[in-house]
Amino acid sequence: MEILPSSEETKLTYRNFCITEKELPIYVQDWYLDAVCQWEVILVRKNQLIIASFPYSQKRKLGFNYITMPLFVKWMGLYVTREYRNAKNEQKIMSLILPLLSEFDAFKQNFHPNFLNWSPLYWQGYLQTTYYTYQLDLTQSLVQIWANCNRNIKRNINKASSKLSIETNPSPDAFYEINQMSFDRQGVRIPYSLLLFLNHDKALQQHEKRLIICAKDEKGSIHAASYLIWDQMNCYYHLSGEDPSFRKSGAGILLVWEAIKYAKIELNLKRFDFEGSMMPKVAHIRQQFGAAAIPYHYLWKYNNTVYKFMDALRSN
């Protein structure tokens, strides 16, 4: 195996790899990363073919260097092509990549659910927590997917569909407004500006990889909106929002069902990914749609005690 350290030439090689590698998740495709962050990549080559990639985003602020998850990115970390994707190869490849990471004060990464073997990181002092995303198998029929839904979910969908209409692709600005309402309701500041959101949206529009859907009443008021993105394998329930004054209308549940139908019928994809949540109420709703809990690794390491202390203060 040959390791290609981070460089402009390696980036160019990765861009070509993104074109040919069909199973590469949307979050780590070059054009997507260009839109949301500054990024670097380490590659692994065998017999002149790229067999693994490790894209990452390293930030520099207040004298600290840290590798972190960019906004709008669910997973990064190691990606191994299907032919070489097993625990033994992951162990070997990860052991080769880790020494090539730039010096950092902190490292925080969500690894894709396909990543199995984090032993090399454990041996180097990294820590791990298991998180869960929720995925729905779209290879089954829509009739079967509906049958697997909880009866309360079905009742809410039927009730909402009798009173609300579905509209596709309202303006991104309108989506951001309704998305922000959900954060406001929780007393949390929305983590991304309108400008950052629009830059991300522009890239997705250009590559025809997103759909915005909203539920409106007869007066034209938007009750809820959802933002879907997809790659060659999965459709992701990427962002959503609800107007707090209409929370009892069932619009949010209805939009999930509309999103599932779109992913199944229009996109013909294999999986619908809710993008996960460790919040009990959210996880419960995902399960009521028949989605399975899929584990993934969150891995982190601190090399600077001052940064670790400051990070703990921010978290409290």
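- Considering only heavy atoms from C-beta on, Asn86 stays 4.5 Å or farther from Asn117 through its side chain.
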Requested in this report: Starting from the C-alpha separation in whole Å, work towards a yes-or-no answer on side chain to side chain contact (heavy atoms under 4.5 Å, CB included) for Tyr262 and Thr168.
Outcome: CA-CA 11 Å; Tyr262 185 82; Thr168 59; over 6 Å; no
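- Within a 6.0 Å sphere centred on NZ of Lys46, heavy atoms belonging to other residues, nucleotides or ligands number 12 at most.
- There is no side-chain donor-acceptor pair under 3.5 Å between Gln180 and Asp184.
- Between the side chains of Tyr176 and Asp201, no donor N or O sits under 3.5 Å from an acceptor N or O.
- With hydrogens and angles disregarded, no donor-acceptor distance shorter than 3.5 Å links the side chain of Asn110 to the backbone of Tyr298.
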Report task. Tell me, with the steps shown, if Arg15 and Asp34 meet salt bridge (Lys or Arg N to Asp or Glu O under 4.0 Å). Result -> CA-CA 11 Å; Arg15 292 188 188 280; Asp34 287 340; 2.8 Å; yes
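- Within the 4.5 Å cutoff, side-chain heavy atoms of Asn89 are placed close to those of Met1.
- Between the side chains of Asp173 and Ser171, no donor-acceptor pair is found at a separation under 3.5 Å.
- Side chains of Phe111 and Met94 form a contact here, defined as non-hydrogen atoms less than 4.5 Å apart.
- Taking the side chain as every heavy atom from C-beta outward, His297 and Phe115 approach each other to under 4.5 Å.
- Other residues, nucleotides and ligands contribute at most 12 non-hydrogen atoms within 6.0 Å of the OH atom of Tyr122.
- In summary, of the residues considered (Tyr227, Tyr27, Tyr192, Tyr236), a ring-ring contact (aromatic ring centres under 6.0 Å, His included) with Phe72 occurs for Tyr192 alone.
- Side-chain N or O atoms of Asp217 include none that pairs as donor or acceptor with a backbone N or O of Leu164 at under 3.5 Å.
- Atom CG in Asn47 sits 10.5 Å away from atom CD in Glu2 (nearest 0.5 Å).
- Judged purely by distance below 3.5 Å, without hydrogens or angles, the side chains of Asn158 and Arg155 never pair a donor atom with an acceptor atom.
- The number of heavy-atom neighbours closer than 6.0 Å to CZ of Arg247, taken from other residues, nucleotides and ligands shown, is 12 or below.
- Within the 4.5 Å cutoff, the side chain of Phe17 has no heavy atoms near those of the Arg45 side chain.
- Among all heavy-atom pairs drawn from Leu78 and Ala52, the shortest one is CD1-CB, 4.2 Å.
- Geometrically, Lys154 does not engage Trp257 in a cation-pi contact, judged by NZ or CZ lying under 6.0 Å from the ring centre and within 45° of the ring axis.
- In the displayed structure, Glu103 atom CD is contacted under 6.0 Å by at most 12 heavy atoms of other residues, nucleotides or ligands.
- Under the 6.0 Å distance and 45° angle rule, Lys301 counts as a cation-pi partner of Tyr126.
- In this structure a side-chain-to-backbone donor-acceptor pair under 3.5 Å is missing from Glu275 to Leu239.
- Taking the six-membered ring where the residue is Trp, the centroids of Tyr134 and Phe289 are separated by 6.0 Å or more.
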Report task. List the steps and the verdict of side chain to side chain contact (heavy atoms under 4.5 Å, CB included) for Val41 and Asp30. Result -> CA-CA 10 Å; Val41 66; Asp30 60 317; over 6 Å; no
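- Here the closest heavy-atom approach between residue Gln109 and residue Thr68 is recorded as NE2-O, 3.4 Å.
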**Report entry** side chain to side chain contact (heavy atoms under 4.5 Å, CB included) between Thr81 and Glu21, intermediate numbers included
**Finding:** CA-CA 8 Å; Thr81 57; Glu21 181 57 28; 3.7 Å; yes
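- If you take CD1 on Ile3 and CD1 on Ile93, they are separated by 7.5 Å, rounding to the nearest 0.5 Å.
- Distance check: Leu43 CG to Leu4 CG gives 5.5 Å after rounding to the nearest 0.5 Å.
- Contact annotation: the side chain of Leu254 approaches that of Ile166 to within less than 4.5 Å [non-hydrogen atoms, C-beta and beyond].
- Taken to the nearest 0.5 Å, the CG atom of Leu255 stands 5.0 Å off from the CD1 atom of Ile213.
- Side-chain atoms of Lys209 and Asp231, non-hydrogen and from C-beta on, never get closer than 4.5 Å to each other.
- With 3.5 Å as the limit, one finds a donor-acceptor pair spanning the side chains of Gln140 and Asn148.
- Closest non-hydrogen pair, Ala291 versus Leu136, comes out as N-CD1, 3.9 Å.
- Residues Thr10 and Ser6 come closest through the heavy atom pair OG1-C, 4.4 Å.
- Within 6.0 Å of the CD atom in Gln287, the count of heavy atoms belonging to other residues, nucleotides or ligands exceeds 12.
- Looking only at side-chain heavy atoms (C-beta outward), Trp230 and Ile26 stay at 4.5 Å or farther from each other.
- With rounding to the nearest 0.5 Å, the separation of OH in Tyr302 from CE in Met310 is 11.5 Å.
- No side-chain donor from either of Thr133 and Tyr296 sits under 3.5 Å from a side-chain acceptor of the other.
- Two different hydrophobic clusters hold Ile67 and Met76 under the rule that ILVMFWY side chains link at heavy-atom gaps under 4.5 Å.
- Going from atom OG of Ser57 over to atom NZ of Lys108 covers 13.5 Å, rounded to the nearest 0.5 Å.
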Report task. Before giving the answer on side chain to side chain contact (heavy atoms under 4.5 Å, CB included), spell out for Phe64 and Lys59 the whole-Å C-alpha distance, their side-chain angles and the decisive distance to 0.1 Å. Result -> CA-CA 8 Å; Phe64 296 108; Lys59 294 185 177 181; over 6 Å; no
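- Of the N and O atoms on the side chains of Thr130 and Gln128, at least one donor lies less than 3.5 Å from an acceptor on the other residue.
- Cluster membership check: Leu33 does not share its hydrophobic cluster with Leu101, using side-chain heavy-atom separations under 4.5 Å among Ile, Leu, Val, Met, Phe, Trp and Tyr.
- Relative ring orientation between Phe107 and Phe104 is described as tilted, the plane-to-plane angle lying within the 30° to 60° band.
- Criterion: ILVMFWY side-chain heavy atoms under 4.5 Å apart, direct or through other members. Under it, Phe54 and Val36 are not part of a common hydrophobic cluster.
- Cluster membership check: Ile265 shares its hydrophobic cluster with Phe272, using side-chain heavy-atom separations under 4.5 Å among Ile, Leu, Val, Met, Phe, Trp and Tyr.
- Results of the ring-ring contact (aromatic ring centres under 6.0 Å, His included) test with Trp39 over Trp31, Tyr14, Tyr56 single out Tyr14 as the only residue that passes.
- Val143 and Ile145 are not part of a single hydrophobic cluster, where members link through side-chain heavy atoms under 4.5 Å apart.
- The two residues Ala251 and Ala160 come nearest to each other via the heavy atoms N-CB, 4.4 Å.
- Contact detail for Asp243 and Ile222: the closest heavy-atom pair is CB-O, 3.8 Å.
- Ion pairing between Arg85 and Glu23 holds under the 4.0 Å rule for side-chain N and carboxylate O.
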